[in-house]
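The block underneath contains the structure these notes are about, expressed in structure tokens.
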Amino acid sequence: MSYVVEMLNIRKEFPGIVANDNITLSLKKGEIHALLGENGAGKSTLMGVLFGMYQPEKGMIKVDGKEVRISNPNVANRLGIGMVHQHFKLVDNFTVTENIILGSEPLKGIVLDIDSAANKIAELSKHYGLNVDPHAKIEDISVGMQQRVEIMKMLYREAEVLIFDEPTAVLTPVEIQELMKIMRNLIKEGKSIIIITHKLKEIKAVADRCTVIRRGKSVGTVNVAEASEASLAEMMVGRHVSFKVEKKESTPTDVVLKIDDLSVKNNRKVLGVKGISLEVRKGEILGVAGVDGNGQTELVEAITGLRKVESGKVYLNGEEITNIPIRHRIQKGIGHIPEDRQKRGLVLDYTLESNMVLEVYNKQPFSKYGLLNVPSIRKYAKNILQNFDVRSGEGAASIARTLSGGNQQKAIIGRELELDPDLLIAVQPTRGLDVGSIEYIHKRLIEHRDKGKAVLLISLELDEVLQLSDRIAIVNNGELVGEVKASETNENEVGLMMAGVGKERNV
Amino acid sequence: MWTIIEQIFPYAIVFTIPLLITALGGLFSERSGIVNIGLEGLMIFGAFAGSLTIYYLQGVWANQTLVLWTGLIMAMVAGVLFSLLHAFASINLSANQIISGTAINLIATALTVFLARNITGSGNIRITSGFSPTDIPVLSSIPIIGDLLFTKTYPTTWFILIVLVISGFVLYKTKFGLRLRSCGEYPQAAEAAGVNVRRVRYSGVLISGAFSGLGGALIIVTYAGEFTGSVSGLGFLALASLIFGQWRPLGILAATFFFGFASTIANVSQVIPELAIFPPILLKIFPYIVTLIALVVFSKSSQAPKAAGETFDSGKR
Amino acid sequence: MRNTIVSLIAIILGLIAGGILMLGIGSNPIEGYSYLFQGALKNIERIGNTLATATPLIFTGLSVAFAFRTGLFNIGASGQMLIGGLLASAVGLTYDFSRPVLLLLMVLAGILGGALWAFVPGLLKAKFNVHEVVSTIMMNWIAYWTVYYVVPGYFKGDFLETESRKLPEVATLRTPFLSEMFDGSYINLGLFLAVIATIIVAFIINKTTLGFELKAVGFNRHAAEYAGMRVNRNIILSMLISGALAGIGGVAMYTGNASSIQIGILPTQGYDGIAVALLGANTPIGVFFAAILFGILYSGTGFMNAMTEIPPELANTIIAIIIYFAATSILIERFLRKFWKSSSKDEEIVVPDVKKGES
Amino acid sequence: ACGGNDDQSANNGGNEAEKADLRVGMVTDAGTIDDKSFNQGTWEGILKAEDELGVTTKYLKPAGTTEAEYLKEIGNLYDADYKFILAPGFKFETAVFQAQDKYEDAKFVIIDGYPHSGDFEPAVKDNTVSVFFAEHESGFLAGVATALEIKEGEAGFIGGMEIPAVQKFNWGFQQGLTYANENLDTNVSIKAENVIYQGSFDNAAAGGQIAAQMYDRGVKVIFTAAGGVGVGAINEAKTRAKGGEEVWIVGVDVDQYADGIYEGEKSIILTSAMKKLDQVAFDVIKQELDGEFPGGETLTFDAKNDGIGLPEENPNLSEETVNAVSDVYEKIKSEEISVSGEQGDLLK
Ligand SMILES: Nc1ncnc2c1ncn2[C@@H]1O[C@H](COP(=O)(O)OP(=O)(O)OP(=O)(O)O)[C@@H](O)[C@H]1O
Ligand SMILES: Nc1ncnc2c1ncn2[C@@H]1O[C@H](COP(=O)(O)OP(=O)(O)OP(=O)(O)O)[C@@H](O)[C@H]1O
Ligand SMILES: [Mg+2]
Ligand SMILES: [Mg+2]
């Protein structure tokens, strides 16, 4: 049996935590190997070790049967290992070509040979069906395209082993389909792939084998064909996980959020939201479905006050809030799980406990007369962290930055739900979460609804929108395409509407 | 008025050049991701090394021009050596770049005077003669620009302008430039692409050392003629020009020239009756106020290298 | 705790490096240092002068540190000192109130002047995202020229164009009780103000919601905005406080240590403040002691120079080297960590802010 | 007196004088010991005393320019047993006022100023002498020499900051030009716009630029009393002279001839308006050693006691000029000519 990569008995510690404890993973040539585990289980860390970003305390890595010491990503590159990181490593104001050639630049004399590189990229792009524009700037292209740029980077360097860390978390369903196709193409060309994902469906769809880790330890490796989604989930979490969201029929009452003919400009200074009107009632979840970049961000930012409204009005519980300060909106009962947890959701250099009171530090009992009350803050934070099973090295005193992506997300959700807002705006609430956590979060969102609160759910994952929502509003190009009842629709219909078809089918 | 401008122009340019080259040095450093507020100190080291070299060689060598150029080279060497301190602290030790830069400034003012006194017996080092300005044959007789640009020019001016052009080329057209810029924008990306971030940042800082050292020495060989242990805040002004110039070579040229021109006007205003109608305080603060206004106007599109000032540590998420 | 040890080690390493320099020029470092410390602390008068020297540095150190903690780099403390000192002197030279009222007004004028001078960069940063490093440098020069023309224009001394009239006795921060207690030294009420300021700043940063907000804005203004904090207001506020601190530093300097304001000088204390803040790890208490250390070094050098052949510039070199070691404290930390590997793990993270787990 | 080498004379003075028991200290004013002005001039006199009289010397540089800092350094000298202390500059007035009481067994020499408590009421105690120079007379001589040498044309003046010593140089210079025009058949004028105080003693760039402007506007000779600003002006003049222009600088405080050398032996320093700080510093130290310390007195050094004047050697002055200036010098001594140290209706 020939393995391209073998990671044997890897151990990697971080302050206060053993991220990888005696983990073994072997990658066969030409296979797609999934790596599965809960948030914070140590997947990214393990791949970081393979890619030379971390040095393991113990263990051995073999590439093509030979023991190697991967002291930095350069070495990994030279060994034919490429990686697409959970957070893309692209320079925003560089072009696609510049990003791709960075580090292995073709030259004409002493001048960069951009043209020939661009040609080669266009060729590769065609060959693997990646469809990237070599001259576009990264900051101007969609997340999906950025990811394809990352893939292109590996291909450009002729990497043989490709690592994907949660590649689908940021993609639309269509983009995910495309990615799968691309991966299969890659395998056909003889490449080998390791993919980290929390989506069991995807594992079933593309992976050949799957290694499961839990809390830093190997649980085992299985052939995907012989495993079911349920069995994988159980291996990972250690208990049975239900995928079906259990919920009662909703009983919406008063209108909580009313949006009236709202128009909002986007970053490019043109209208990103064009005259949208919506209502969300107590006791219901309104899902907004749409392909990324069709006005969702602008819509949410307008409601939460992060962005100025061009025209139209926003009402909360019958009171106009179109132009009031953010803090007042929070006080009046808006909770917000933001799209970008690192940019908006957390002060990464603060402790977790500070982050847990980010919106309420100035309220009793966390402060009085402008003075912080640390014990009560800590108590409050510990409670949230416990409830939402946020795992970190040093508990409430951990620096937010040191948490795994999933745990950061859970912490934010916990914080927002703890505010018990009348209107909860949840943007991609389960992005990057493991199935166990997703189950839990979904349960909590429904609970929130059942308490008679309103939930506005924005997700790029059609599955999630379909399962959680009571009603679904579909947006395309900044406009409302239509609204449907979740119980009366299906993936196909919504998918079509997301593409801009079917305005007439309003509810 | 025109004659006044004609007369002032060459002096404004001479004053601009040391600022320009220093700011250009700062550009390389910041584009590689290292903020260098030690420019002032590096200029002082350059001025010191340059004048010391020239002071000793002027008695020994017949060829005065060669002496001056040797002085400039030694200034660059000194700048490089002392910028190593900054590079080591901020790159190898992930030190706070501001502290380390501040330390450079402090060390420079103290150490150079100490050394000057120990070596020459005086804290001030005077050179016998610097470069001489010349009118460039043919070109200086072109109307208008001949008077402005090709009259009373120093060879060093043209040299620095060539360096400016080369810098622009290196930054935007070469492999080194691409890597340098990537390290200043997103070093994690550069690292993942196999770029040796440390090495690139070292180059950036060392170039800033060489250029600022050169800038300091240019002051001596053009308009000052004497090392006194200070460059009167020009290093900080260069830093301001770098930001004002939006981290771009041509922007820096414009910003430094603006400072050069405005402060020359302010300096000579006392002698020029036509300018005496303005209260002197206005003329003196004019360059600074205009800079503030200009920054407001250009502020919408800040081009600061995103990672400048951040320590880079591969482990950081 | 960790920071303190690191700073102390930086100081010791700096002193050792200075000692090596002394050896290099053929002087005896032990003798040198002993005179240095004697010069600063030998008798009560010298202690008083050392404290007086440290006083403006405490203020500028706090000023820089406060701004730092909120993500801003204020290198305009010099200009803020000048304007603070100018306004305070103007009040002192113009009005004829009873001493307590006059002093209070002068301090308020200083606060106002410093805050005003920092307000502009703060506003430009908040509203137009203008880099505060440039704007504070510009403000420094504007302050320099303002003083340059305002002092001779309005507060000129009888015979001199280059400095203001001397403040009357009632309008200086020096008080007989302190001067006598410290044997005629220049120690003055500024030191009390500095102690109070240190406590207040420490309190604001660590214990108040205001500090919580300011730091949050400093670390991540997007998240702060998301959480409903008024980011622009906080940036401006932070600069105002930072400037006010430097402004009182100017009051202490020009109406305490001196009794007139001179033109043509940008006080070096503004830049030294950066060093003080950094050596003090940007914590108020740290700043306080770092400033005292600077006071000792600055005020002890004269005696060292007088008693030995060590030249004055060497003391400045030593200070610079200490700062450099403070900058490279990571090296020290790495070393310490190896050394203390077995000790508790919760001290491993070295982000000063969060380490205390205070907020 | 080009800075550098004189400093070392302490060490290599061949004929070691027998050790005198006096320890002489000096506190520098704003600026360094190498300022070619107050500090350096005074210090050179002290070094000469070390060389010839065998006193022990030391200078200290205060961290700033406030009274507190000056007093601190005076205290340091005192505690280190330097009890004969020279303080060059009017900025020491209030510090010396306090020191003379506080350190009664020490002696103080304050140059260009007198002790007072801040009220400008002179209070020279017995352990202090206050020394003034008649800068205006020195400036006058320079003015006469300048006018005689260039016969006709424009002159200019660049001062540093507007402090008394600098102002008096300026006023004297203007009177000298006028005197020559009226009595010695010259026609050298000075325009109001060409009399300026730059505002600092260290902005060499401004010095050069201002000098350039003046030269471009027809000024032939500039009298600089401006420290580092003057250095910039000298540099500009050298550059022009190398290019063949006829431009001159009149130096100040010390003989600046050497500073103006640009080619071989040619210098653009026409002459220098000197005040003999070194001589005076040396003299008071000598007086102290001889037991003749003029405590309590305010001494003025002027033409009469040769405390001011032009350099002995003036290679750029013609013999006639030198002779005519000597005549004028004598006339000042004999009070036939009186030079005013006040602005009166002079420029600035
Ligand atoms: N640089 C670091 N410093 C300290 N702790 C870290 C660091 N990186 C990771 N950890 C910790 O190591 C553990 C494993 O993190 P890792 O990122 O590998 O998880 P993951 O399996 O990728 O999780 P997710 O699915 O949420 O991305 C987490 O508890 C995390 O807090
Ligand atoms: N962005 C804003 N623009 C205008 N007025 C505001 C804004 N935010 C708050 N206010 C006013 O200020 C007052 C105090 O507001 P709020 O309670 O939200 O702030 P706070 O909690 O006191 O702020 P902090 O805790 O930051 O001091 C309110 O009465 C409100 O009218
Ligand atoms: Mg991960
Ligand atoms: Mg409040």
Side-chain angles (χ1 to χ4, degrees), chain A residues 12 14-15 44-45 48 51-55 71-78 82-95 97-114 117 138-139 150 153-154 156-157 342 348-349 399-405 408, chain B residues 27 30-33 91-92 94 96 165-201 203-204 246-248 251 300-317:
Chain A
K12 173 72 201 162
F14 287 118
S44 299
T45 305
F51 195 57
M53 294 190 302
Y54 302 123
Q55 297 311 306
S71 51
N72 62 55
N74 260 338
V75 178
N77 281 334
R78 241 175 287 133
M83 176 157 177
V84 177
H85 298 266
Q86 199 166 353
H87 303 280
F88 297 153
K89 311 254 174 185
L90 296 171
V91 181
D92 263 1
N93 57 2
F94 276 20
T95 64
T97 305
E98 286 172 333
N99 265 293
I100 291 174
I101 62 175
L102 181 64
S104 50
E105 301 84 352
L107 298 179
K108 205 161 58 193
I110 54 163
V111 183
L112 286 175
D113 193 356
I114 297 279
I138 297 298
E139 58 199 3
E150 284 281 14
K153 247 160 82 175
M154 300 190 291
Y156 187 87
R157 279 147 219 260
Q342 303 212 331
L348 288 175
D349 294 302
I399 306 299
R401 187 182 293 284
T402 64
L403 264 65
S404 78
Q408 290 177 349
Chain B
L27 174 72
E30 297 218 350
R31 283 291 195 153
S32 80
I91 300 168
N92 294 72
S94 314
N96 182 320
V165 173
I166 295 177
S167 299
F169 174 81
V170 166
L171 213 50
Y172 293 108
K173 296 284 178 210
T174 67
K175 169 171 131 178
F176 174 71
L178 187 76
R179 294 183 170 196
L180 187 88
R181 285 183 290 133
S182 72
C183 289
E185 289 293 331
Y186 192 12
Q188 286 81 0
E191 183 187 44
V195 173
N196 185 334
V197 176
R198 289 189 170 184
R199 196 154 70 204
V200 171
R201 289 190 160 184
S203 329
Q246 293 284 301
W247 291 270
R248 292 204 175 105
K300 285 289 177 301
S301 54
S302 172
Q303 301 294 323
K306 287 195 197 66
E310 278 171 26
T311 54
F312 171 67
D313 191 350
S314 345
K316 193 167 174 181
R317 282 164 174 265

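Letters go in sequence order (proteins before strands), and every chain restarts at 1.
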Donor-acceptor under 3.5 Å (A:R157 side chain, B:A193 main chain):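 Looks like yes, one N/O pair under 3.5 Å.
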Between B:G177, B:A190, B:G194, the one whose heavy-atom pairs under 4.5 Å with chain A are most numerous: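 Among B:G177, B:A190, B:G194, the one with the most close pairs to chain A is B:G194.
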Between A:N99, A:V91, A:D113, the one whose heavy-atom pairs under 4.5 Å with chain B are most numerous: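 Option with the top pair count is A:V91.
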Partner chain B: residue of A:N77, A:V111, A:L102 with the largest heavy-atom pair count (under 4.5 Å):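 Option with the top pair count is A:L102.
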Within-4.5 Å side-chain heavy-atom neighbours: A:I101 and B:L178: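 The answer is yes, as the side chains (C-beta and beyond) meet within the 4.5 Å cut-off.
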Within-4.5 Å side-chain heavy-atom neighbours: B:R179 and A:E105: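 B:R179 reaches A:E105 side chain to side chain.
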B:Y172 vs A:L112, side-chain contact (heavy atoms from CB on, under 4.5 Å): CA-CA, chis, key distance, verdict: CA-CA 9 Å; B:Y172 293 108; A:L112 286 175; over 6 Å; no
Nearest 0.5 Å, please: how far is [atom2] in [Y] from [atom1] in [X]?
X: B:K173; Y: A:K108; atom1: NZ; atom2: NZ; answer: 10.5 Å
X: A:L90; Y: B:E185; atom1: CG; atom2: CD; answer: 12.5 Å
X: A:N72; Y: B:N196; atom1: CG; atom2: CG; answer: 7.5 Å

Under the side chain to side chain contact (heavy atoms under 4.5 Å, CB included) test, residues paired with A:D92 that sit two or more places apart: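 For A:D92, the residues satisfying side chain to side chain contact (heavy atoms under 4.5 Å, CB included) (neighbours in sequence not counted) are A:I138, A:E139, B:K306.
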Where A:N74 and B:V195 come nearest, the two heavy atoms and their spacing: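 Taking A:N74 first and B:V195 second, the nearest heavy atoms are OD1-N, 4.3 Å.
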Chain B contact via A:R78 - which portion, at a heavy-atom distance below 4.5 Å: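 Answer is neither: A:R78 stays 4.5 Å or more from chain B.
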Segment of A:F51 engaging chain B (4.5 angstrom heavy-atom cut-off):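 Side chain only.
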Test: A:K89 and B:E191 ion pair at under 4.0 Å: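 B:E191 and A:K89: not salt-bridged.
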Ring pair (Phe, Tyr, Trp, His ring centres under 6.0 Å) involving B:Y186 - partner list, sequence neighbours excluded: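 Once residues adjacent in sequence are excluded, B:Y186 has no partner under the ring pair (Phe, Tyr, Trp, His ring centres under 6.0 Å) criterion.
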Contacting moiety of B:F176, where chain A heavy atoms sit under 4.5 Å: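 Neither the backbone nor the side chain of B:F176 comes within 4.5 Å of chain A.
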